[in-house]
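Below: one structure, written as structure tokens.
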2 protein chains.
Amino acid sequence: MKAPTMKQVAQMAGVSSSTVSRVINHSAPVNEDLQKKVMKAVEALGYSPDQIARSLRKGKTNVVGVIIPNITNPFFPVIVKGAEDYLRKQNYLIMLGNSDFDLKMEKKLFNTLKAKNVDGLLFVGSGGRTPFIDNLENRKKIVFVDRIYENIEKNYVIVDNIKGMNDLVNYLLDLNHKSFVMINGKKRTYTAEKRREGFELALKNANISQYEIIYSGYSYEKGYETALSLKEIPDAVVCGDDMIAFGVIDALKKRGINVPEDVSVTGFDDLTFSSKFSPPLTTMHQPIYELGFEAAKLLVKIINDKQIKKNKIILPTTLVPRKTTALRLKKTS
Amino acid sequence: MKAPTMKQVAQMAGVSSSTVSRVINHSAPVNEDLQKKVMKAVEALGYSPDQIARSLRKGKTNVVGVIIPNITNPFFPVIVKGAEDYLRKQNYLIMLGNSDFDLKMEKKLFNTLKAKNVDGLLFVGSGGRTPFIDNLENRKKIVFVDRIYENIEKNYVIVDNIKGMNDLVNYLLDLNHKSFVMINGKKRTYTAEKRREGFELALKNANISQYEIIYSGYSYEKGYETALSLKEIPDAVVCGDDMIAFGVIDALKKRGINVPEDVSVTGFDDLTFSSKFSPPLTTMHQPIYELGFEAAKLLVKIINDKQIKKNKIILPTTLVPRKTTALRLKKTS
DNA sequence: TTGTAAGCGTTATCAT
DNA sequence: ATGATAACGCTTACAA
């Protein structure tokens, strides 16, 4: 039972398909009687226009590609949801692909999506530099989300990672912390580098040189391992993201070290779970949903080729003090 | 700069577009020399075939629609990942939609996806019965995942919820628990009803009548609220899923009731987080990833119209005893 | 083996 | 206001 076509509707209503098209799209005035006839035929047949044919003809699919590293990581679904909520209103559908943090897959996905004629692309990079993006004519239709690269100088929506981490460390400084270990994401990934900058900036301004930076990776497991092998426990362990922080805290628990009594631990992200962790995690809140929402908004603007004034969007982060940090009273060094 | 077309490639290579098509698709033998010429032109122009045009012509899009309730809930992304991992190998892309647990949206999404000519649909229902699914000719191309309805009697991949919950309660029974409260998902949702069945089945077999069933909703917040207002604390609180269990445990903590010393609490799902919760959650593991993977596999089979022998797939659950349950020593009633 | 031409289901242009 | 027709970019009979 194949789907009914416009031609069939036209036949049934005793008009030409042009008229059917006009009625359906309200693209030109049509006699009321005919309109009714057409609508009746549409109802009767349960007709709905074939979007593939329409796309071919109009050169527009109303589909937006979304490439994320891994949907299974609690951070990215929120971006997708934000994007979808905006896109739905604008009559766009999402074609989704996980790159699994793999540059090759990223590239392949990009090409597949492009071949499918998506009208635009929301690109949440896997973190490393992506040279294939570099010389891309139609980079115009791409909005980069959360992570950018040196050569990307427009069409992105990110968070101020430097300021965010700087604020966070300043908070720790105010709480009289004197020695620090940063357990960060993988080296060379955009967010990890920016957060490191913020971290070092704050310490430099406070004239603190007693710190160490460890690039492990954005995951619970990495955080756990790293914290397990930590020789000296500092006043504060500053983590690159919340997942790391969870792992770190659990590892410290395992070692019999109390958080926040013996050491403060902080995250970065403020995942849904972070407030429910035990103890509730002190972290830097990112507007994750807005990241996706704003990116979608910008992308649609770009697609519609309006003159874009604001094509670099930097969203603010906000400190969320909870229970994994405490005032340091005695000197530890 | 529009994408190059097959015609342009043909022109450059000095052949007809049919030949280009044949070379690209390996659909018919082509003289080696011509092949080379064509490939050279393809390279030169950076040509890749327009999938929209191809889809229109072939009546196949190689896109599968996926409808889930909410990507933000940690359960569903895992299904999507499983599905994608299989579909990618089969050269399918995913078009994703969140129904937000809303029947209207579900229906709308369904129609939109259908209009986009997806080759098939993975449907993770929002839980309630969905009458619009009932009289659907092309239900043939839909695979129902995780949740089904009374009138769905084939093409689904689910978990044995009754057995799962039954096993779980039996485990509690073995641990000498005598009184129970079940805090469940919303009434009338498929999984909630099945799990209730399993719960009651086990208690009936054990001749235990001291129990209560509360339908609250599958969320941390619902679990929290419900546990906060619990008058009498039973030996065990059996939760409809892990999210509820997290909320329940936190609420009990708040009330100064110790888990598992004073009361056992169990979940259902075994989310990634459940082993990291504190204390680590005793729960019934669901093969969530496999749910998506197997569903995708079945769907592709259906799309290819092979004779399907096994179109009802019921995956097993496995008990994961962790730290929120303990042997009950003294009588509590 | 290769080319010509029809057709997939729309929309847009041009007459009428 | 309405209808005939071409075109979107591809695949596939059918011819040659």
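Quick note on labels: first sequence line is chain A, next is B, and so on, each numbered from 1.
Residue A/T5 has a polar side-chain atom (N or O) positioned under 4.0 Å from OP1 or OP2 of C/dT10. Residue A/R54 has a polar side-chain atom (N or O) positioned under 4.0 Å from OP1 or OP2 of C/dT11. Contact check, B/S21 against D/dC10: no side-chain N or O comes under 4.0 Å of OP1 or OP2.
Recorded end-axis angle for the helix from C/dT1-D/dA16 to C/dT16-D/dA1 stands at 50°, based on five pairs per end and rounded to 10 degrees.
The only member of B/L121, B/I94, B/V118 that meets side chain to side chain contact (heavy atoms under 4.5 Å, CB included) when paired with B/V66 is B/I94. Across B/N31, B/V38, B/V42, B/L34, a single residue satisfies side chain to side chain contact (heavy atoms under 4.5 Å, CB included) together with B/V23, and that is B/V38.
Within residues 41-49 of chain B, the residues having any heavy atom closer than 4.0 Å to DNA chain D are, in order of number, B/Y47, B/P49.
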Show the distances under 3.5 angstrom between N or O atoms of the protein and N or O atoms of nucleotides 1-5 of chain C.
| residue | atom | partner | partner atom | Å |
| --- | --- | --- | --- | --- |
| C/dT2 | OP2 | B/N31 | N | 2.4 |
| C/dG3 | OP2 | B/S16 | N | 3.2 |
| C/dG3 | OP2 | B/S16 | OG | 3.2 |
| C/dG3 | OP2 | B/T19 | OG1 | 2.5 |
| C/dG3 | N7 | B/R22 | NH2 | 2.6 |
| C/dG3 | O6 | B/R22 | NH1 | 3.3 |
| C/dT4 | O4 | B/S18 | OG | 2.8 |

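Closest to the side chain of A/D50, from the set C/dT10, D/dC8, D/dT12, is C/dT10.
Evaluation of the ring-ring contact (aromatic ring centres under 6.0 Å, His included) rule for B/Y86 yields B/F293 as partners, not counting sequence neighbours. Annotation: side chain to side chain contact (heavy atoms under 4.5 Å, CB included) contacts of B/N117 (sequence neighbours excluded): A/D50, A/I52, B/T61.
Across all their heavy atoms, A/S16 and A/A10 have their closest contact at C-CB, 3.7 Å.
With no hydrogens or angles considered, a side-chain donor-acceptor pair links B/T191 and B/Y218 at under 3.5 Å.
Ion pair B/D85/B/K89 not flagged as a salt bridge, since none of the NZ, NE, NH1 or NH2 atoms sits closer than 4.0 Å to an Asp/Glu carboxylate oxygen.
Sorted by first then second residue, the side-chain hydrogen bond (donor to acceptor under 3.5 Å, both in side chains) pairs that include residues 64-76 of chain A, not counting sequence neighbours, number zero.
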